[in-house]
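The next block holds one structure in the form of structure tokens; read it before the comments.
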Amino acid sequence: MTLRVYNTLTRTKEEFQPVVPGKVGIYLCGPTVYKPAHIGHMVGPVIFDTIKRYLTYCGYEVTFVINITDVDDKLINRARERGMTVEELAREMTQDYFDNLELMGVETVDHFPRATEHIAEMQQMISRLIEKGYAYPLEGDVYFEVTKDEDYGKLSRRSVEEMLAGARVEANERKRNPADFALWKKSKPGEPAWDSPWGPGRPGWHIECSVMSMKYLGETFDIHGGGLDLLFPHHENELAQSESCTGKPFVRYWLHNGLMQASGAAKVGGAHDRHGDLVDQLAAQEANKLAGSKGADSVKGLFEVFPPETVRFFILSTHYRSPIDFSEERIAEIGKGLEGFYRLIETYQRITGKDFYALETATRRNDSPPLPEEPADFIAEVQQLRDRFFEAMDDDFNTGGAVGTLYELRRAINAFVNQRQLEGAGRSDRQAMAAFEAAMRLLKELANILGVFRRPVQKPAGADDEMVGRLLDLLVAIRAEARKAKNFAMADKIRDELAKLNVTLEDRPDGTIWRRN
RNA sequence: GGCGCCGUAGCCAAGCGGCCUAAGGCAGCGGAUUGCAAAUCCGCCAUCGCGGGUUCGAAUCCCGCCGGCGCCUCCA
């Protein structure tokens with residue numbers, strides 16, 4: 001089975017072949033930390049976290065880097081507005097970003113390099129580019145000269161001529177070419193500044209990613225990720241300056257994820273297009289407001305309404321290259337789908353008395369234990385679903401397809417539990433129980449690759465929880481007596497009244513359980 | 001205007017030339033199960049935007065049209 005990935009550079013699916021056999025380097029463009037993260041900022045990290053999980057599972061040793069842009073015009077402006085230093089603002093928003101990543105289950109990142117911690121390296125790279133004739137200083141700035149780079153535009157498939165034709169009036173007309181971009185920017189008084197051979201200033205936007213990616217992953221590395229919106233100019237420029245500097249290929253596979261959009265109107269948190277008329281802009285803004293009432297603003301707000309795991313599942317339910325329409329309805333729908341998994345997990349824990357979340361499962365495919373032989377038909381089905389899960393993941397990380405097989409696995413296991421009456425008399429059937437447990441372990445193993453079902457979903461917490469639980473147990477016990485006495489009127493009344501309080505009762509073969517909705 | 005992407009059931013979505021008389025989820029309908037429910041299971045629910053073409057064969061490739069969207073502004 002071979003892994004194939006869609007490479008933006010070649011616009012085709014290619015067989016995945018790392019630079020160094022057995023090892024993979026992934027660099028993902030991270031956030032500019034000037035405001036709280038919104039849902040769109042979570043898409044890339046969740047996707048590439050999943051990609052790393054899968055590659056690791058496949059046996060690769062993976063290094064995953066996400067950069068933090070902590071110096072930038074937006075930071076400077078926002079910090080000024082809030083009456084704080086750029087450093088303070090960056091620290092606060094970086095923490096917000098980390099908090100959200102943790103909640104989303106993004107936990108495979110090895111390095112979070114900050115731009116401000118790599119100024120010296122950036123200056124070295126800029127100097128090299130000047131020496132090699134690809135860049136020129138200009139009144140305290142330094143620019144990369146795009147016409148010196150033979151294949152400039154190869155990633156986004158633009159030619160310098162086209163860009164010249166469509167170029168708008170530039171603020172700085174002294175640049176040799178309007179498309180030339182800044183490597184180093186002279187600072188104005190009061191702005192953060194670092195000394196440099198070209199005078200006090202700060203780095204341009206693209207240079208940090210070149211420097212930090214190559215520092216942690218080497219001059220040629222495997223996977224560079226980011227949102228589709230970064231394709232041009234950011235990635236194009238990153239590619240140009242990196243290859244001009246080293247003379248080596250920069251990145252093997254460019255992977256771009258689709259953007260989160262608010263109900264098909266406009267991407268979340270983005271600026272509005274300058275070609276549309278005013279009406280369109282207002283409509284887009286309105287749609288943004290409506291659909292993005294929670295997540296478009298900040299992820300934190302969204303998490304007050306939906307468990308982070310549901311949001312993660314939502315992101316992974318569609319292919320990473322497709323745009324996703326964000327809406328609370330959609331996420332609520334995904335949440336309903338997930339509930340079935342949680343119930344199966346509870347069923348498992350009831351039947352076996354084991355803690356599903358504490359189960360040790362294989363983290364590498366080669367360590368995956370073989371399934372039992374019997375019962376053959378059930379095992380065959382489980383095996384087939386496992387294969388289809390991998391087939392999907394091998395096909396450009398098709399998490400949507402993989403999620404589908406997880407649902408089918410759930411269905412198959414539930415059917416098996418029913419058929420063998422594992423909640424009742426069948427519990428003593430050791431063969432059936434072994435098969436059931438193996439299937440559940442596989443479910444966990446596969447879910448781990450997607451980064452879901454790793455720990456119990458947090459119930460709405462309250463100080464009275466323990467007491468509530470005891471009271472519910474008491475009501476259930478009283479109701480059981482009523483049912484025994486065939487006093488169904490009373491039994492139903494208890495159940496109906498509890499339903500009004502959002503407590504659902506289930507009379508199962510081996511007893512009644514209650515669940516708070 | 002330039003470059004590019006997308007259009008599959010009520011909604012979301014996989015599918016990348018034959019395994020598709022098209023996964024999966026949500027909603028809906030019928031049934032099994034249940035004292036009744038809940039949960040679960042079984043079954044039903046699309047010919048793939050439209051029109052041409054290529055091919056023995058197309059949702060999948062090509063052309064045109066219609067509709068939606070992105071980038072061309074330091075937005076992930």
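Below, all heavy atoms of this structure are taken into account, side chains as well, without hydrogens, waters or symmetry copies. Quick caveat, the model's predicted, so the values are computed rather than measured. Naming: A, B, ... by sequence-line order, numbering from 1 per chain.
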What is the nucleic acid contact for A:K13, judged by heavy atoms within less than 4.0 Å: base, sugar-phosphate only, or nothing?
base
Of the nucleotides B:U40, B:C69, B:A76, which one has an atom closest to the side chain of A:H41?
B:A76
Compute the centroid of each ring, for A:F341 and then for A:Y407, and state whether the two points are separated by less than 6.0 Å.
yes
If you go through the side-chain atoms of A:D507, does one of them form a donor-acceptor pair with the base of B:C36 closer than 3.5 Å?
yes
Would you indicate which nucleotide in B:A76, B:C41, B:G35 comes nearest to any side-chain atom of A:A491?
B:G35
Under a 3.5 Å cut-off for both distances, is B:G1 Watson-Crick or wobble paired, and to whom?
B:C72
Side chains of A:T2 and A:E15: any donor to acceptor distance under 3.5 Å?
no
Round to a whole Å and report the spacing from CG of A:L228 to C1' of B:C72.
13 Å
Quick one: label A:H319 by what it contacts on the DNA or RNA (base, sugar-phosphate, nothing), any heavy atom closer than 4.0 Å.
sugar-phosphate
Touch check for A:N398, heavy atoms < 4.0 angstrom, all strands: base, sugar-phosphate only, or nothing?
sugar-phosphate
Tell me the interatomic distance from A:L505, atom CG, to B:U40, atom P, rounded to whole angstroms.
16 Å
Same-atom distance (P) from B:C16 to B:C61, integer angstrom
10 Å
Without decimals, in angstroms, what is the distance between A:E391 CD and B:A14 C1'?
12 Å
Under 4.0 angstrom, heavy atoms only, what part of the nucleic acid is A:T32 near: base, sugar-phosphate, or nothing?
sugar-phosphate
Would A:D507 and A:R479 satisfy salt bridge (charged side-chain N to carboxylate O under 4.0 Å, His left out), going step by step from the backbone distance to the final call?
CA-CA 11 Å; A:D507 296 324; A:R479 180 167 167 274; 2.9 Å; yes
Nearest to side-chain heavy atoms of A:D492, which nucleotide of B:C36, B:C72, B:A76:
B:C36
If we ignore hydrogens and angles and just use 3.5 Å, is the side chain of A:N67 paired with the main-chain N or O of A:C209 as donor and acceptor?
no
Is the shortest distance from a Lys or Arg side-chain nitrogen in A:D141 or A:K175 to a carboxylate oxygen in the other one below 4.0 Å?
no
Atom CG of A:L316 to atom P of B:A14: distance rounded to whole Å?
12 Å
Within the structure shown, what part of the strands sits under 4.0 Å from A:L231 by heavy-atom distance: base, sugar-phosphate, or nothing?
nothing
Considering only atom P, compute the distance from B:G43 to B:G25 and round it to an integer number of Å.
12 Å
Would you check if the distance from the ring center of A:F98 to the ring center of A:F112 is below 6.0 Å?
yes
Base-pairing assignment for B:C26 (Watson-Crick or G-U wobble, both under 3.5 Å)
B:G10
A:N418 near the nucleic acid: base, sugar-phosphate alone, or nothing, with a heavy-atom cut-off under 4.0 Å?
base
Which of these nucleotides, B:C69, B:A39, B:G35, is closest to any side-chain atom of A:R508?
B:A39
Taking only the P atom of each, what is the distance from B:C69 to B:U8 in whole angstrom?
14 Å
Would you mind telling me which residue lines up with the more 5' stretch of RNA chain B, A:R330 or A:S156, judged by nearest nucleotide?
A:S156
When both hydrogen-bonding distances must be under 3.5 Å and the geometry is Watson-Crick or G-U wobble, what is B:C56 paired with, if anything?
B:G18
Expressed as a whole number of angstroms, how long is the span from A:R479:CZ to B:U34:C1'?
11 Å
What is the nucleic acid contact for A:R411, judged by heavy atoms within less than 4.0 Å: base, sugar-phosphate only, or nothing?
sugar-phosphate
Whole-Å distance separating the CH2 atom of A:W254 from the C1' atom of B:G4
17 Å
Paired to B:A39 by Watson-Crick or G-U wobble criteria (both distances under 3.5 Å) is none
Determine: side-chain N/O of A:R343 to OP1/OP2 of B:U40, distance under 4.0 Å, yes or no.
yes
Roughly, in whole Å, what's the span from CG in A:L259 to C1' in B:G68?
15 Å
Judged by each residue's nearest nucleotide on RNA chain B, which is more toward the 5′ side, A:R388 or A:D73?
A:R388
For B:A58 and B:G18, measure between their P atoms and round to the nearest Å.
11 Å
Please determine, for B:C45, whether a Watson-Crick or G-U wobble partner exists with both distances under 3.5 Å, and give it or none.
none
Any-strand Watson-Crick or G-U partner of B:C50, both distances under 3.5 Å
B:G64
Spacing between A:D325 atom CG and B:G7 atom C1', to the nearest angstrom
13 Å
Rounded P spacing from B:A76 to B:C12 in Å:
27 Å
Of the options A:H256, A:H224, A:R321, which is the one that meets A:T8 in a side-chain hydrogen bond (donor to acceptor under 3.5 Å, both in side chains)?
A:H256
Output field: ring centroids A:F436/A:Y348 closer than 6.0 Å:
yes
Between B:U34 and B:U40, how many Å separate the two C1' atoms, rounded to a whole number?
12 Å
What contact category does A:G30 fall into here, base, sugar-phosphate, or nothing, at under 4.0 angstrom with non-hydrogen atoms?
sugar-phosphate
Among the nucleotides B:C69, B:A14, B:A76, which one has an atom lying closest to any side-chain atom of A:C29?
B:A76
Among B:A14, B:C41, B:G35, the nucleotide that comes nearest once only the side chain of A:T318 is considered
B:A14
Pick base, sugar-phosphate or nothing for A:R495, based on heavy-atom distances below 4.0 Å to the nucleic acid.
base
Min side-chain heavy-atom separation A:H235-A:V251 under 4.5 Å:
no
NA contact type, A:Y407, heavy-atom cut-off 4.0 Å: base, sugar-phosphate, or nothing?
sugar-phosphate
Rounded P spacing from B:C41 to B:C50 in Å
34 Å
Roughly how far apart, to the nearest Å, are B:C42 and B:G57 at atom P?
38 Å
Among the nucleotides B:C11, B:C41, B:A76, which one has an atom lying closest to any side-chain atom of A:E333?
B:C11
